[in-house]
There are 2 protein chains.
Amino acid sequence: MNKFFDIYMDLRKKIEHAEFATGSLLPSEKTLSEHYHVSRETIRKALALLLEGGYIQKKQGKGSIVLDIRRFNFPVSGLISFKELQDSQQIPNETIVIKNKLETIPDFLAEDLKVDPNRKVISLIRLRKIAGEVVIMDKDYLFNDIIEQIPSDVAENSIYAYLENELGLNIAYAKKEFVVEPATREDHKLMNLKDDTHVVVVKSEVYLEDTRLFQYTESRHRLDRFRFVEFARRKHSL
Amino acid sequence: MNKFFDIYMDLRKKIEHAEFATGSLLPSEKTLSEHYHVSRETIRKALALLLEGGYIQKKQGKGSIVLDIRRFNFPVSGLISFKELQDSQQIPNETIVIKNKLETIPDFLAEDLKVDPNRKVISLIRLRKIAGEVVIMDKDYLFNDIIEQIPSDVAENSIYAYLENELGLNIAYAKKEFVVEPATREDHKLMNLKDDTHVVVVKSEVYLEDTRLFQYTESRHRLDRFRFVEFARRKHSL
DNA sequence: CAGTGGTCTAGACCACTAT
DNA sequence: TAGTGGTCTAGACCACTGT
């Protein structure tokens with residue numbers, strides 16, 4: 001659809017397939033604009049995506065240097081669901097739905113999120129098995145006035161795909177907070193925690209395109225299986 | 001210098017000072033371009049920065065909605081140093097330099113980073129005190145063929161400011177990895193770990209604008225004081 | 001329908017890097 | 001000095017939102 005996105009995908013593919021060698025320079029923006037028969041600004045939009053993703057580094061007066069993509073293996077940042085993440089990395093996984101019912105939002109949560117304490121939520125608890133072991137417990141709260149229900153086969157797979165493709169809801173952005181908390185009795189009961197005293201908790205508030213908050217999630221990870229990787233750029237001048 | 005950056009800063013200030021109310025719409029891009037006497041594309045670059053920072057949400061056909069910035073208190077992501085972070089949040093802090101000497105790169109690190117095992121590095125160990133307690137230990141390795149030495153007063157303050165302002169080196173990007181590891185004897189000796197069995201470790205590979213790797217850092221955090229917040233956008237279509 | 005943001009263009013000038 | 005990326009413009013057309 002978009003020219004710049006297609007060009008981004010094409011260049012990315014060529015970098016991943018080593019058609020453009022690590023450390024070498026990409027063709028100049030002028031050359032690329034002639035090759036793809038588009039204006040230079042359109043090329044620059046494609047390059048901006050490569051830059052953001054850690055595929056290239058630009059230098060004024062010099063060119064666009066191809067980075068070693070293997071070095072940035074699994075940049076697992078951004079807003080992506082468990083199902084999408086596992087699928088993209090081709091890791092065998094299984095989801096067990098422990099709970100899926102309608103209830104009033106818990107008091108602590110209504111207070112934290114500053115929403116009406118009488119609002120109804122769909123409360124989900126799902127265990128994530130990787131290589132046969134339960135290493136993640138996800139506790140989701142979805143506002144019932146936005147999402148009527150989650151069919152159980154959806155809960156076992158991708159909720160995000162269901163919301164986006166079936167309900168036409170567009171997920172836009174999230175605030176994510178990473179902390180370490182003492183393991184609860186529930187953590188010990190549902191996960192194989194061994195002697196661990198703590199779990200890593202990723203708390204997410206997820207919003208739709210129209211800025212409505214529709215989901216709060218606590219993803220509770222066993223310490224030794226938690227890993228988060230991100231590619232970050234330095235923002236000069238604030 | 002840049003028009004779009006100045007406009008970004010101006011709009012951001014107005015959002016932070018509630019001159020544009022949360023939930024309301026920003027003036028249209030056309031209106032803004034007339035107000036600032038610039039082209040629409042320049043306005044769009046400014047808005048792209050606001051979008052990335054979680055200040056607004058755009059909607060085609062509608063406008064740019066101002067988000068509740070208080071809800072995204074401390075988006076502590078990106079590539080920022082301890083000193084910059086603490087200063088920006090006005091938290092009283094103190095750095096104690098435990099080690100600052102030239103040595104050959106440790107074997108495990110040369111292997112991980114795939115660099116010559118004979119290269120020399122400046123090896124730093126610094127303790128970070130917050131509210132009187134040592135809660136973070138930073139272990140830095142800076143390549144000596146890029147950085148000759150780190151004066152001790154610099155190690156106590158901002159290394160990044162020294163590199164950028166004194167040495168003229170431009171820090172560009174980093175790969176950051178978050179994991180939880182068992183606490184070492186050294187962790188227990190240097191930090192107030194109490195009964196903790198683990199620490200959160202943030203491993204960073206930091207690169208310059210010319211794509212040279214110049215720093216590897218392990219930032220070791222006490223579990224109960226670790227917190228990482230990020231604002232993430234959903235990237236539709238891969 | 002008018003107004004909004006999303007994409008794209010062709011051209012200009014500037015700042016930086018090489019040689 | 002020639003070639004690169006960085007910024008900016010004025011205009012065009014499209015897709016989407018509201019009334």
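Values reported hereafter were calculated over all heavy atoms of this structure, with side chains retained and with hydrogens, waters and symmetry mates removed. Here is the naming used below: chain letters follow the sequence lines, and residue numbers restart at 1 for every chain.
Distances from the side chain of A:Val38 to the nucleotides D:dT9, C:dT9, D:dT7 place C:dT9 closest. Residue A:Glu41 places its side chain closer to C:dT9 than to any other of C:dG5, C:dC8, C:dT9. Ranking D:dG6, C:dC8, C:dT7 by closeness to the A:Ser39 side chain, first place goes to C:dC8. Residue A:Ser28 places its side chain closer to D:dT4 than to any other of C:dG5, D:dC8, D:dT4. When each of D:dG6, C:dC8, C:dG5 is scored by its nearest atom to the side-chain atoms of A:Lys58, the top-ranked nucleotide is D:dG6.
When the P atom of D:dT4 is taken as reference, atom CZ of A:Arg40 falls 10 Å away, rounded to whole Å. Taking atom OH of residue A:Tyr36 and atom C1' of nucleotide C:dC8, one finds them 17 Å apart after rounding to whole Å. Computed from coordinates, the A:Glu209 CD to D:dT17 P distance equals 8 Å when rounded to whole Å. Going from atom CG of A:Leu25 over to atom P of D:dG3 covers 16 Å, rounded to whole Å. Here the C1' atom of nucleotide C:dG6 and the CD atom of B:Glu29 are 8 Å apart, to the nearest Å. If you measure from atom CZ of A:Arg44 to atom P of C:dT7, you get 16 Å, rounded to the nearest angstrom. The interatomic distance linking A:Ile43 (CD1) with C:dA10 (C1') rounds to 14 Å, in whole Å. When the C1' atom of C:dT4 is taken as reference, atom NZ of B:Lys30 falls 11 Å away, rounded to whole Å.
With hydrogens and angles left out, the side-chain atoms of B:Gln215 and B:Thr217 include a donor and acceptor closer than 3.5 Å. For the residue pair B:Thr104 and B:Lys120, a side-chain donor N or O sits within less than 3.5 Å of a side-chain acceptor on the partner.
Using a 4.0 Å cutoff on non-hydrogen atoms, the parts of residues 59-66 of chain A near DNA chain C are A:Lys59, A:Gln60, A:Gly61, A:Lys62, ordered by number.
When side chains are defined from C-beta on, B:Leu163 counts as touching B:Phe214, because their heavy atoms get closer than 4.5 Å. Looking at heavy atoms from C-beta onward, B:Lys58 lies in side-chain contact with B:Arg44 at the 4.5 angstrom threshold. When side chains are defined from C-beta on, B:Tyr173 counts as touching A:Leu67, because their heavy atoms get closer than 4.5 Å.
A 6.0 Å sphere centred on CD of A:Glu19 holds more than 12 heavy atoms belonging to other residues, nucleotides or ligands. The number of heavy-atom neighbours closer than 6.0 Å to CG of B:Asp107, taken from other residues, nucleotides and ligands shown, is 12 or below.
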